[in-house]
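Read the structure below first, then the notes.
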Amino acid sequence: MKVDETKCVGCGRCRTYCTMGAIAFMRERHGKVCAEVDQHECVDCGVCYRAEVCPVEALYEPKPEWPRSVRGTFSNPLIEHKETRVPGRGTEEMKTNDITGRFKFGEAGMAIEMGRPSTGARFRDIEKVAMAIAALGGIAFERQNPITGLMIDKATGKMNPELMDEKVLSGIIEMTVPLERVPEIIAVVKKVTKEISTVCSFDLTCKVRSDNKTLAFDLAREAGVVPTPNGKTNVGLGRPFFLEEVQK
Ligand code: SF4
Ligand code: SF4
């Protein structure tokens, strides 16, 4: 996001809408006070622009070049992932597993959500977490996920080096794993997150057995994570395109 200094009247209204505190300074320009967007911190989420608070329409979104273009695609829900051709942030498919059947009984859908409003996440930290998980061996990152699409080596989690300094509102590393691997992944993520400069949270999804057991949650508790369950109900608008196996 940028500010047209010839229009800005320095009212400061846009500052309170910034998700990253990137409009932190008001500078003197052309003999008047103007807002300034810190381009290093701005994630191009577009919130300040869409809020329509600027009285003189001084905020504008220049068309970003690669690699900056990933900021908007991961941070602005109105922009598609053209680089990876994968829509959404990546967890939609986990939530709609009743339809997609990506993970079965005995498996868990796992995701690490990195970054939040006010902190964001740089790709160098996303890569660090992805590579620590991949180093466990036998991990297949979800192919229909935009973070996976930016990996130059999907086996190691290595990302395109041009992205390292890019910052996004949040990025989601996603995978399907056998249930018994949940604790070791939680352990390695807890360890590596001590070395990164953002926040992250686990998404953990599994099928519920007829005895109401959710084994992934039991394993998470054993690994020292207290799950806060969320329920999604398939109201019949989608038709499953897989045959369910026998429940274990
Ligand atoms: S686009 Fe988002 S991060 Fe950038 S200045 Fe506007 S609100 Fe802040
Ligand atoms: S809301 Fe518009 S006029 Fe006011 S400080 Fe921000 S860019 Fe300048």
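Note that ligands are numbered from 1 as they come in the structure, with each ligand's atoms numbered from 1 the same way. Start at 1 with the first residue, then count along the sequence.
Of the protein's heavy atoms, C54 SG, 2.3 Å lies nearest to atom 2 (Fe) of ligand 2. Nearest protein heavy-atom neighbour of atom 3 (S) of ligand 2: V9 N, 3.3 Å. The closest protein non-hydrogen atom to atom 1 (S) of ligand 1 is G46 N, 3.2 Å. Of all protein heavy atoms, the one closest to atom 5 (S) of ligand 2 is G12 N, 3.1 Å. Summary of contacts: the protein heavy atom closest to atom 6 (Fe) of ligand 2 is C14 SG, 2.4 Å.
With a cut-off of 2.8 Å, atom 2 (Fe) of ligand 1 has no N, O or S atom of C42 in range. Among the atoms of C45, none of the N, O or S atoms falls under 2.8 Å from atom 6 (Fe) of ligand 1. Residue C11: no N/O/S atom is found under 2.8 Å from atom 2 (Fe) of ligand 2.
By the 4.5 Å heavy-atom criterion applied to side chains, F74 and I172 are not counted as neighbours. Proximity of S118 to T19: side-chain heavy atoms (C-beta onward) are nowhere separated by under 4.5 Å. The side-chain heavy atoms of V225 and F202, taken from C-beta on, include a pair separated by under 4.5 Å. A heavy-atom distance below 4.5 Å is not found between the side chains of V226 and F217. Residues E142 and M175 are not in side-chain contact: their nearest non-hydrogen atoms beyond the backbone lie 4.5 Å or more apart. Inter-residue side-chain proximity for E113 and I173 is flagged as unmet; no heavy-atom pair is nearer than 4.5 Å.
The pair R124-E127 does not count as a salt bridge, with every side-chain nitrogen at least 4.0 angstrom from each carboxylate oxygen. Between R122 and D125 no salt bridge is recorded (no basic side-chain N to carboxylate O distance below 4.0 Å).
Of the candidates R71, K167, R68, D44 forms a side chain to side chain donor-acceptor pair (under 3.5 Å) with just one, namely R68.
Every atom of ligand 2 with a heavy atom of A35 under 4.0 Å away is listed here by number and element: 5 (S). When each atom of ligand 2 is checked for a heavy atom of C8 under 4.0 Å away, the hits are 3 (S), 5 (S), 7 (S), 8 (Fe). Interface atoms of ligand 2 facing V56, defined by a heavy-atom separation under 4.0 Å, are 3 (S).
For I23, every heavy-atom contact with ligand 1 shorter than 4.0 Å involves the side chain, none the backbone.
For atom 8 (Fe) of ligand 1, the nearest non-hydrogen atom from the set A51, S75, C18 belongs to C18.
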